[in-house]
Amino acid sequence: MRLARIGRAGQERPAVVAEDGTYLDLSGVTLDIDAAFLAGGGLDRARAALDELPRLVVAEGTRIGPPVRDPGKIVCIGQNYARHAAESGAEPPSEPIVFLKAADTLVGPNDDVRIPKASVKTDYEVELAIVIGKTARYLDSPADAAAHIAGYAVSNDVSEREFQLERLGQWDKGKNCETFNPLGPWLVTADGVDVPGLRLRSWVNGEARQDELAADMIFGVPHLVWYLSQFMVLYPGDIVNTGTPAGVAMGLPGQPYLRGGDVMELEIEGLGRQRQTLTAYPVQ
């Protein structure tokens, strides 16, 4: 099942994406796709109502919002692909590198991304995002993780490398600029996703940049959910960005960082495609 939120920012309407790509109106089942929906059996209610949901008339060009509203937190994993660790000048980590991204960085999959003031090293990162569906606290083993996952989405963990790596402190300064986490277009429920077989790809101005399978992750999805639950409570609606493959601008010859007017496209087969235009500071 593919879930989406359609409409202007703050006015999104919940929907199910039908097999033919049209939308079914989910607003009779829930007001929104959020923590309360996920925690309260919303996915089961949506499945039970599928045959009765009315068509949602959506005009061409209507905005798609992030598929989850107001996550409590966005947890990110760094250097989770060996080739990306190598292009970053690091050895593959012996346990997950964890950092947090503010929930207010979240935008829709096709919303503009704003290059920060004074930025010269804004970068793209296609990632598989886990959406938590059930509270995970001190899980006994990775085998317990599946019961706590609602589904998956495409995420762009946009980064400013100078802020992240060349300024004193932790990575947060390069990860939390406004609009720095496009998510979607859909939340695809876990029952329909073969994670190891997912192919992650990105393009900038039509030029292919990243292309790798989720099977190449150093720490797989079950391990990550189990591991994170030892250090923090994962609540319904929380998002876990699982790391990016090789091919980011930081690791390429000439380091082709993003500039105003550039277009990022990101795709994970089965989870959908994103497209963002970069806008340069100042914001109008």
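Values in this document were obtained by computation on a predicted structure and should not be read as measured data.
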*Asks:* Is the backbone of Glu267 close enough, under 3.5 Å, to the side chain of Arg201 for a donor and an acceptor to pair up by distance?
*Replies:* no
*Asks:* So that I can tick it off, tell me whether Asp157 and Lys175 are bridged by a salt bridge, with the cut-off set at under 4.0 angstrom between side-chain N and carboxylate O.
*Replies:* yes
*Asks:* Could you check Glu127, Glu265, Gln276 and say which one makes a side chain to side chain contact (heavy atoms under 4.5 Å, CB included) with Asn156?
*Replies:* Gln276
*Asks:* Does Arg114 form a side chain to side chain contact (heavy atoms under 4.5 Å, CB included) with Tyr281? I'd like the steps, not just the answer.
*Replies:* CA-CA 7 Å; Arg114 298 172 181 171; Tyr281 189 89; over 6 Å; no
*Asks:* Hey, does Leu224 have a side-chain heavy atom less than 4.5 Å from the side chain of Asn80?
*Replies:* yes
*Asks:* I need the Ile218 CD1 to Glu95 CD distance, nearest 0.5 Å.
*Replies:* 12.5 Å
*Asks:* Could you tell me whether the side chain of Glu269 and the main chain of Leu198 form a donor-acceptor pair under 3.5 Å?
*Replies:* no
*Asks:* Testing the basics here: between Ser159 and Glu125, what is the closest heavy-atom pair and its distance to 0.1 Å?
*Replies:* OG-OE2, 3.1 Å
*Asks:* Taking only residues two or more places apart in sequence, or in another chain, which ones meet Lys173 in a salt bridge (Lys or Arg N to Asp or Glu O under 4.0 Å)?
*Replies:* none
*Asks:* For residues 155-189, pull every pair meeting ring pair (Phe, Tyr, Trp, His ring centres under 6.0 Å), keeping only residues two or more places apart or in separate chains.
*Replies:* Phe99-Trp171
*Asks:* Testing the basics here: between Pro185 and Ala4, what is the closest heavy-atom pair and its distance to 0.1 Å?
*Replies:* O-CB, 3.8 Å
*Asks:* Any side-chain to backbone donor/acceptor pair from Asn110 onto Arg275? Under 3.5 Å, distance only.
*Replies:* yes
*Asks:* Are Asn241 and Ile77 side-chain neighbours, meaning at least one heavy-atom pair lies under 4.5 Å?
*Replies:* no
*Asks:* Nearest heavy-atom pair of Leu106 and Pro71: which atoms, and what distance?
*Replies:* CD2-CD, 3.7 Å
*Asks:* Taking the side chain as C-beta and beyond, is there a heavy-atom pair between Asp123 and Val158 under 4.5 Å?
*Replies:* no
*Asks:* To the nearest 0.5 Å, tell me how far Leu38 CG sits from Leu43 CG.
*Replies:* 5.5 Å
*Asks:* Would you mind checking if Lys121 and Glu162 are paired as a salt bridge, meaning a charged N to carboxylate O distance below 4.0 Å?
*Replies:* no
*Asks:* Look at Arg47 together with Asp44 and state whether they make a salt bridge at an N to O cut-off of under 4.0 Å.
*Replies:* yes
*Asks:* Please check if the side chain of Asp111 supplies one atom and the backbone of Val107 the other of a donor-acceptor pair under 3.5 Å.
*Replies:* no
*Asks:* For the side chain of Asp262 and the backbone of Leu258, is there at least one donor-acceptor N/O pair under 3.5 Å apart?
*Replies:* no
*Asks:* Spell out, as yes or no, whether a donor-acceptor pair under 3.5 Å connects the side chain of Asp112 to the backbone of Leu278.
*Replies:* no
*Asks:* Is the closest side-chain heavy-atom distance between Ser202 and Val204 below 4.5 Å?
*Replies:* no
*Asks:* Taking Asn205 for the side chain and Val263 for the main chain, is one N or O donor matched with an acceptor at less than 3.5 Å?
*Replies:* yes
*Asks:* Given 3.5 Å as the limit, does a donor-acceptor pair link the side chain of Asp25 with the main chain of Ser27, or not?
*Replies:* yes
*Asks:* For the pair Ser88 (side chain) and Ala90 (backbone), establish whether a donor and an acceptor sit closer than 3.5 Å, ignoring hydrogens and angles.
*Replies:* no
*Asks:* Under 6.0 Å from the six-membered ring centre of Trp226 and within 45° of its axis: does the NZ or CZ of Arg137 meet both?
*Replies:* no
*Asks:* Relative to each other, are the rings of Tyr227 and Phe231 parallel, tilted or perpendicular (30° and 60° limits)?
*Replies:* tilted
*Asks:* Please name the residue in the list Leu139, Leu228, Thr135 that meets the side chain to side chain contact (heavy atoms under 4.5 Å, CB included) test with Leu234.
*Replies:* Leu228
*Asks:* So, Thr105 side chain and Thr179 main chain: donor-acceptor pair closer than 3.5 Å or not?
*Replies:* no
